[in-house]
Structure formats: structure tokens, C-alpha cells
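One structure is given below, encoded as C-alpha cells.
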Amino acid sequence: MMEALQVSYISAVAASAGCIVGNLNIDDGVDALLQHKSAQHTSITDRVARLEVQLKATSRSVNKSGHLTATMDHDRWEYYRTKDPAVNKIIVVMSMPSRQEHWTFARHKSLSIHYCGYWVNIAGMADTEAAAPTVKASQDQIFSDVALCDIMERIGQGGVP
């Protein structure tokens with residue numbers, strides 16, 4: 001159920017950023033494909049910036065060093081750390097309460113999702129022998145609509161997330 005909440009979080013952020021979310025049915029390590037079409041994406045022939053996303057959820061909080069950590073399979077680590085990928089990739093690590101009844105709070109004027117997702121790009125990172133490498137997402141990189149717009153703009157200009 002943690003992944004279901006995280007998919008909802010990603011979908012809400014993507015909608016606010018004007019992105020289309022394509023979910024992949026076969027779990028090969030890409031949980032969502034985000035697309036953003038804009039005339040401003042000058043380095044892409046079809047003007048569509050694309051971003052593959054791996055979702056990781058945890059009931060841990062941001063640690064004292066300002067990071068939220070999660071582990072992932074070594075094969076997925078290798079896929080996401082590929083330097084100069086054809087399609088850019090990020091990992092979104094989401095912290096949420098351990099008790100499911102605390103995940104959301106609905107009111108007349110809002111729906112709150114607890115707690116927060118943080119994104120990280122590990123492209124070009126060093127190889128590791130660990131069977132389950134640890135991903136560290138900085139609390140400074142909240143996965144929000146503004147952050148996603150910035151990521152897509154950089155990709156659209158030929159840069160990296």
C-alpha cells in the first residue's frame with residue numbers, strides 16, 4: 001500500500017507541473033514515465049521532455065545529516081546510475097507515517113498527504129558491490145511541482161535533472 005500512496009503523490013505533483021504520467025504495468029524498475037511537452041524544449045526534436053522515475057517508500061524520517069535513505073536492488077541501482085542515459089532518470093524516496101491511517105488527512109478545503117517525497121539523480125555514481133545499495137535523497141530536493149518543472153526545463157534544454 002505504501003507504493004499506492006506514493007503513486008498518488010507523484011501523480012498529484014505531475015498534474016500540478018503540467019506533466020503526463022505514464023505508469024508501466026511490468027515492474028522492470030521504472031514505476032512512472034513523466035512527459036512534458038513545451039516549445040521551450042529546444043534540444044528535443046519532438047519537444048517532449050521525458051523522465052523515468054523509480055519510487056521508494058519508507059517510514060523513516062530525514063536523518064541528522066539531512067538525508068532520507070532507502071535501499072534498492074543492485075540491478076536497479078545500475079540502471080539508474082547509468083551515465084548519459086537515453087532517457088533521464090530519478091529516484092523519488094518518500095517518507096510516510098508507519099501507520100496507514102495517518103497517511104492522509106481530508107478536510108473541506110484540502111487533502112494532505114503525509115509526509116514528503118525527495119528526489120535524487122544517481123547518474124554517474126560509482127559502482128558498488130552491495131546487493132542492496134543505499135540511496136540518499138537530500139531534504140533540500142523536495143519532489144514538488146516547482147522542482148519537477150525545473151527538472152523538465154533542464155532536460156528540455158539538453159541538461160540533466
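- Without hydrogens or angle criteria, Thr82 side chain to Glu78 main chain gives a donor-acceptor distance under 3.5 Å.
- Side-chain atoms of Lys37 and Ile44, non-hydrogen and from C-beta on, never get closer than 4.5 Å to each other.
- Formation of a donor-acceptor pair under 3.5 Å by the Lys89 side chain with backbone atoms of Val87 is found in this model.
- Looking at Cys116 and Ile142, their side chains come closer than 4.5 Å, going by heavy atoms from C-beta outward.
- At least one donor-acceptor pair closer than 3.5 Å links the side chain of Ser138 to the backbone N or O of Asp140.
- A side-chain donor-acceptor contact under 3.5 Å links Ser43 to the backbone of Gly156.
- Side chain of Arg154 to backbone of Gly159: no donor-acceptor contact under 3.5 angstrom is found.
- No side-chain heavy atom of Arg76 sits under 4.5 Å from any side-chain heavy atom of Pro133.
- Side-chain atoms of Gln141 come within 3.5 Å of backbone atoms of Trp119 as a donor-acceptor pair (strictly under, hydrogens ignored).
- The side-chain heavy atoms of Thr128 and His74, taken from C-beta on, include a pair separated by under 4.5 Å.
- Within a 6.0 Å radius of CD in Gln40, no more than 12 heavy atoms belonging to other residues, nucleotides or ligands are found.
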message: side-chain contact (heavy atoms from CB on, under 4.5 Å), that's the test. Do Asp31 and Gln6 meet it? Break it down for me.
response: CA-CA 10 Å; Asp31 294 314; Gln6 194 174 24; over 6 Å; no
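- Ring planes of Tyr9 and Phe143: tilted class, angle from 30 to 60°.
- Not one N or O on the side chain of His36 forms a donor-acceptor pair closer than 3.5 Å with the backbone of Leu51.
- Across all non-hydrogen atoms, the minimal contact from Tyr80 to Ile122 is O-CG1, 3.5 Å.
- Between the side chains of Gln54 and Tyr79, no donor N or O sits under 3.5 Å from an acceptor N or O.
- Residues Ser65 and His67 have side chains that bring a donor and an acceptor to within less than 3.5 angstrom of each other.
- Proximity of a side-chain donor or acceptor of Arg50 to a complementary backbone N or O of Val48 within less than 3.5 Å is detected.
- His41 has its side chain out of reach of Ile155: every pair of non-hydrogen atoms, C-beta onward, lies at least 4.5 Å apart.
- His114 places a side-chain N or O within donor-acceptor distance of the main-chain N or O of His102, the cut-off being under 3.5 Å.
- Contact annotation: the side chain of Ile10 never approaches that of Met94 to less than 4.5 Å [non-hydrogen atoms, C-beta and beyond].
- Closest approach of Arg60 to Leu68, counting heavy atoms only: O-CD1, 3.5 Å.
- Residues Ala17 and Leu148 come closest through the heavy atom pair CB-CD2, 3.8 Å.
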